[in-house]
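Below is one structure; the comments refer to it alone.
In what follows, chains are A, B, ... by sequence order, proteins preceding strands, each numbered from 1.
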Number of protein chains: 2
Amino acid sequence: MLGIQSVASYLPKGRVDNLKQADRFETDREFVEQKIGVATLPRFEETDSVVSASAAAFDRLCEKVQTDKSEIECVVLCTQNPDKGGLPHNSALVHAALELSEDCACFDIGLGCSGYVYGLSVIQSFMAANGMKKGLLFTCDPYSRILDPEDKNTCLLFGDAASVTYITDTPRYKLASAKFSTKGTGSEALQKTEHGLEMNGRAVFNFALQDVPKQIKRTLASAELTADDIDLFLLHQGSRFMLENTIKRAGIPAEKAPIRLSETGNTVSSSIPLLMEAELDNNPRRILMSGFGVGLSWATAIYEEVKPN
Amino acid sequence: MLGIQSVASYLPKGRVDNLKQADRFETDREFVEQKIGVATLPRFEETDSVVSASAAAFDRLCEKVQTDKSEIECVVLCTQNPDKGGLPHNSALVHAALELSEDCACFDIGLGCSGYVYGLSVIQSFMAANGMKKGLLFTCDPYSRILDPEDKNTCLLFGDAASVTYITDTPRYKLASAKFSTKGTGSEALQKTEHGLEMNGRAVFNFALQDVPKQIKRTLASAELTADDIDLFLLHQGSRFMLENTIKRAGIPAEKAPIRLSETGNTVSSSIPLLMEAELDNNPRRILMSGFGVGLSWATAIYEEVKPN
């Protein structure tokens with residue numbers, strides 16, 4: 001059985017003061033702090049890249065758990081803002097940076113804010129089908145590369161980060177149940193254009209409030225569980241206001257659903273692993289995670305602690 | 001059990017006469033015909049896109065097999081030259097174009113010439129793990145978007161195409177065995193730069209001749225098969241000269257390994273499905289496919305005919 005053994009993350013050293021940004025955009029500071037919920041945004045500097053940030057996340061993983069690079073048989077990297085325009089796939093560049101074995105499958109996944117929940121299922125099922133025992137799932141989607149500097153809606157929101165999740169055959173958490181949905185007809189709500197990232201905040205907000213709670217409830221029902229059975233709800237950290245309302249609408253007890261994006265912003269597919277890294281210290285037995293955004297795409301999964309034999 | 005039920009492809013209407021291109025580059029016409037092996041290159045026109053070409057491939061699939069769009073639960077699209085810079089993932093745009101159900105998982109895979117062999121394993125294992133029965137794997141990687149018009153090495157080689165493979169629980173072929181390898185340290189042999197696609201033809205040639213035959217032999221050995229047990233070898237159609245030598249070095253009987261890129265060129269991840277679509281009419285019992293290129297990445301898989309009960 002494969003599952004999650006450990007999670008590590010990396011924030012680049014660059015920082016944007018979001019209150020100063022608020023002033024520049026002539027936006028109310030209280031709105032930025034309370035509604036968006038972001039005080040500081042980590043930001044790629046000139047020398048940062050998807051590959052260097054992913055490698056730095058891996059270094060942090062190695063401080064937590066013992067890894068043997070020669071045993072890594074699979075690397076999956078989730079991004080929609082890759083180095084080198086995605087050719088080669090950035091997982092191959094990470095493969096080179098980490099000096100991994102040639103007997104290693106590498107591929108990238110193109111997904112946004114639902115990417116972590118998808119990516120976990122993709123890498124675990126691919127590894128299981130091919131008899132692989134150790135693998136790495138990276139997320140790194142530096143939206144700073146596509147932000148329109150005049151667009152306050154996105155500039156005040158998105159931060160850069162990277163994460164790595166160690167998938168092994170001696171996991172702490174295993175997948176119990178998952179649901180995946182797509183509404184391609186709504187894709188214009190979040191898209192890259194010649195002007196950079198374009199976001200229709202209202203459309204994304206309505207989507208999060210209408211569709212995400214429904215999927216959370218369906219996933220619980222299909223696993224024959226209720227919110228009471230879940231110790232920890234890890235929802236994609238889109239914005240504070242969106243999160244508070246989505247949590248309420250889904251009937252999730254607020255104390256079980258951390259909101260923590262003040263020092264990170266919305267880090268796209270890295271937001272759930274960032275949160276998870278910190279929360280795993282509390283040893284939750286059962287975790288529900290839900291990612292939603294670009295696509296429009298949304299995915300919910302329940303992970304359960306593996307009881308030691 | 002999931003597997004391949006059918007394959008369909010689409011070539012855009014635009015055509016480049018490769019002999020005229022040879023004249024423009026002051027390249028010997030015989031070299032273009034015999035060594036590269038390409039007379040005509042299909043080429044995207046203004047109105048073509050990854051999404052429109054993928055949708056056209058799906059239309060062709062529907063002419064071959066009965067499909068019920070409401071039953072499609074998974075769409076995976078392999079490209080490194082997506083529409084809209086890959087944000088949103090193009091599988092979501094195809095999802096919209098085909099008017100598929102919301103209960104459908106969609107994600108893109110970033111891989112080059114090994115993408116089809118990988119993609120088949122990725123979609124099948126993901127669908128199986130999540131109890132899905134019908135899915136679509138698309139390939140469409142229009143290199144014309146990144147060709148440097150002054151670079152004869154690449155302009156004479158790459159053609160645009162799309163394919164779709166119908167994955168179902170009533171398959172004609174099921175996966176028997178697969179191997180996946182990566183050599184990230186060699187990635188500079190094929191990469192996107194600010195000048196467009198850069199290819200070190202000699203490095204790619206050496207890679208194809210050294211590493212691909214070894215993997216083909218290992219895959220056969222691990223399945224306890226020999227070349228005699230395989231009816232059809234589908235090798236990525238890189239160039240005629242590279243193919244002839246790779247086939248020889250792998251000990252494959254030439255008559256079992258079609259070389260057919262004269263009217264398509266190297267269509268990246270679409271080259272194997274393009275070939276497969278035509279060859280399935282001959283009802284091969286056992287197929288070995290091998291894709292290799294960008295990454296560097298190479299993958300080999302053996303598919304076996306499913307015997308009707």
Side-chain angles (χ1 to χ4, degrees), chain A residues 73-75 77 79-82 84-100 102-112 115 118 121-122 124-130 146 175 178-187 190-193 197 211 294-297 299, chain B residues 73-75 77 79-82 84-100 102-112 115 118 121-122 124-130 146 175 178-187 190-193 197 211 294-297 299:
Chain A
E73 295 170 287
C74 188
V75 175
L77 190 150
T79 190
Q80 290 181 326
N81 287 289
K84 298 203 180 200
L87 197 169
H89 40 296
N90 286 196
S91 46
L93 300 175
V94 170
H95 176 273
L98 303 187
E99 300 177 325
L100 300 180
E102 277 189 18
D103 290 330
C104 181
C106 296
F107 59 94
D108 289 2
I109 298 182
L111 273 175
Y118 262 95
S121 181
V122 170
Q124 288 174 112
S125 52
F126 178 81
M127 285 175 62
N130 290 291
I146 53 168
L175 178 60
K179 298 267 179 223
F180 305 91
S181 306
T182 307
K183 196 181 332 200
T185 49
S187 71
L190 262 169
Q191 60 180 346
K192 207 187 279 187
T193 73
L197 181 70
D211 294 305
V294 178
L296 298 168
S297 169
Chain B
E73 295 171 287
C74 188
V75 175
L77 189 149
T79 189
Q80 291 182 324
N81 287 290
K84 299 204 179 198
L87 196 168
H89 40 297
N90 286 194
S91 45
L93 300 175
V94 170
H95 176 272
L98 302 187
E99 300 177 326
L100 300 180
E102 277 190 18
D103 291 329
C104 182
C106 295
F107 59 94
D108 289 1
I109 299 182
L111 273 175
Y118 263 94
S121 181
V122 169
Q124 287 174 112
S125 51
F126 178 82
M127 285 175 61
N130 290 292
I146 53 167
L175 179 59
K179 299 267 178 221
F180 304 92
S181 306
T182 307
K183 194 176 342 196
T185 51
S187 70
L190 262 169
Q191 60 180 344
K192 209 186 277 187
T193 72
L197 181 69
D211 293 305
V294 178
L296 299 167
S297 169

Problem set entry | chain B contacts, top residue of A/Leu190, A/Asp108, A/Val294, A/Thr182 (heavy-atom pairs, under 4.5 Å) | A/Thr182
For this session: Please flag which part of B/Ile146 lies under 4.5 Å from any non-hydrogen atom of chain A: side chain, backbone, both or neither.
Result: side chain
For this session: For each of B/Ala92, B/Cys106, B/Pro82, tally heavy-atom pairs with chain A at distances under 4.5 Å, and name the one with the top tally.
Result: B/Cys106
For this session: Please name all residues satisfying salt bridge (Lys or Arg N to Asp or Glu O under 4.0 Å) with B/Lys183, sequence neighbours left out, ordered by chain then number.
Result: A/Glu102, B/Asp211
For this session: Answer with side chain, backbone, both or neither: which region of A/Asn90 has an atom nearer than 4.5 Å to a non-hydrogen atom of chain B?
Result: neither
For this session: Kindly indicate whether the side chain of A/Leu100, heavy atoms from C-beta on, has any atom under 4.5 Å from the side chain of A/Val75.
Result: yes
Seminar exercise, completed: Counting heavy-atom pairs under 4.5 Å with chain A, the top scorer among B/Gly295, B/Gly186, B/Cys104 is B/Cys104
Exercise. In terms of heavy-atom proximity below 4.5 Å to chain A, should B/Asp103 be classed as side chain, backbone, both, or neither?
Worked result: both
Exercise. If you measure from NZ on A/Lys84 to OG on B/Ser187, what distance do you get to the nearest 0.5 Å?
Worked result: 5.5 Å
Seminar exercise, completed: Closest non-hydrogen atoms of A/Leu175 and A/Ala178, given as atom of the first, atom of the second and distance, are CD1-CB, 4.2 Å
Exercise. Under 3.5 Å, is there a donor-acceptor pair between the side chain of A/His95 and the main chain of B/Gly184?
Worked result: yes
For this session: Could you look at B/Leu98 and say if it's the side chain, the backbone, both or neither that has a heavy atom under 4.5 Å from chain A?
Result: neither
For this session: Return the option, out of B/Ala96, B/Ala129, B/Gly110, with the maximum number of heavy-atom pairs under 4.5 Å with chain A.
Result: B/Gly110
Seminar exercise, completed: Residue from B/Thr79, B/Asn130, B/Leu93 scoring the most non-hydrogen pairs under 4.5 Å with chain A is B/Asn130
Problem set entry | Segment of B/Ser297 engaging chain A (4.5 angstrom heavy-atom cut-off) | side chain
For this session: Test B/Ile109 against B/Leu77 for side chain to side chain contact (heavy atoms under 4.5 Å, CB included), laying out the working first.
Result: CA-CA 6 Å; B/Ile109 299 182; B/Leu77 189 149; over 6 Å; no
For this session: Between chain B and each of A/Thr185, A/Leu197, A/Val122, count heavy-atom pairs under 4.5 Å; write down the option with the most.
Result: A/Val122
For this session: Give the member of A/Ser181, A/Gly112, A/Ala128 that has the highest number of heavy-atom pairs under 4.5 Å with chain B.
Result: A/Ser181
Exercise. Between A/Tyr118 and B/Phe126, what is the ring plane arrangement, given parallel below 30°, perpendicular above 60°, and tilted in between?
Worked result: parallel
Seminar exercise, completed: side chain to side chain contact (heavy atoms under 4.5 Å, CB included) filter on A/Lys179, not counting sequence neighbours, yields A/Gln215, A/Arg218, A/Thr219, A/Ser222
Exercise. Looking at B/Gln191, B/Met127, B/Glu73, which one has more heavy-atom pairs under 4.5 Å with chain A than the rest?
Worked result: B/Gln191
Problem set entry | Euclidean distance, A/Lys192 NZ relative to B/Leu87 CG, rounded to 0.5 Å | 5.5 Å
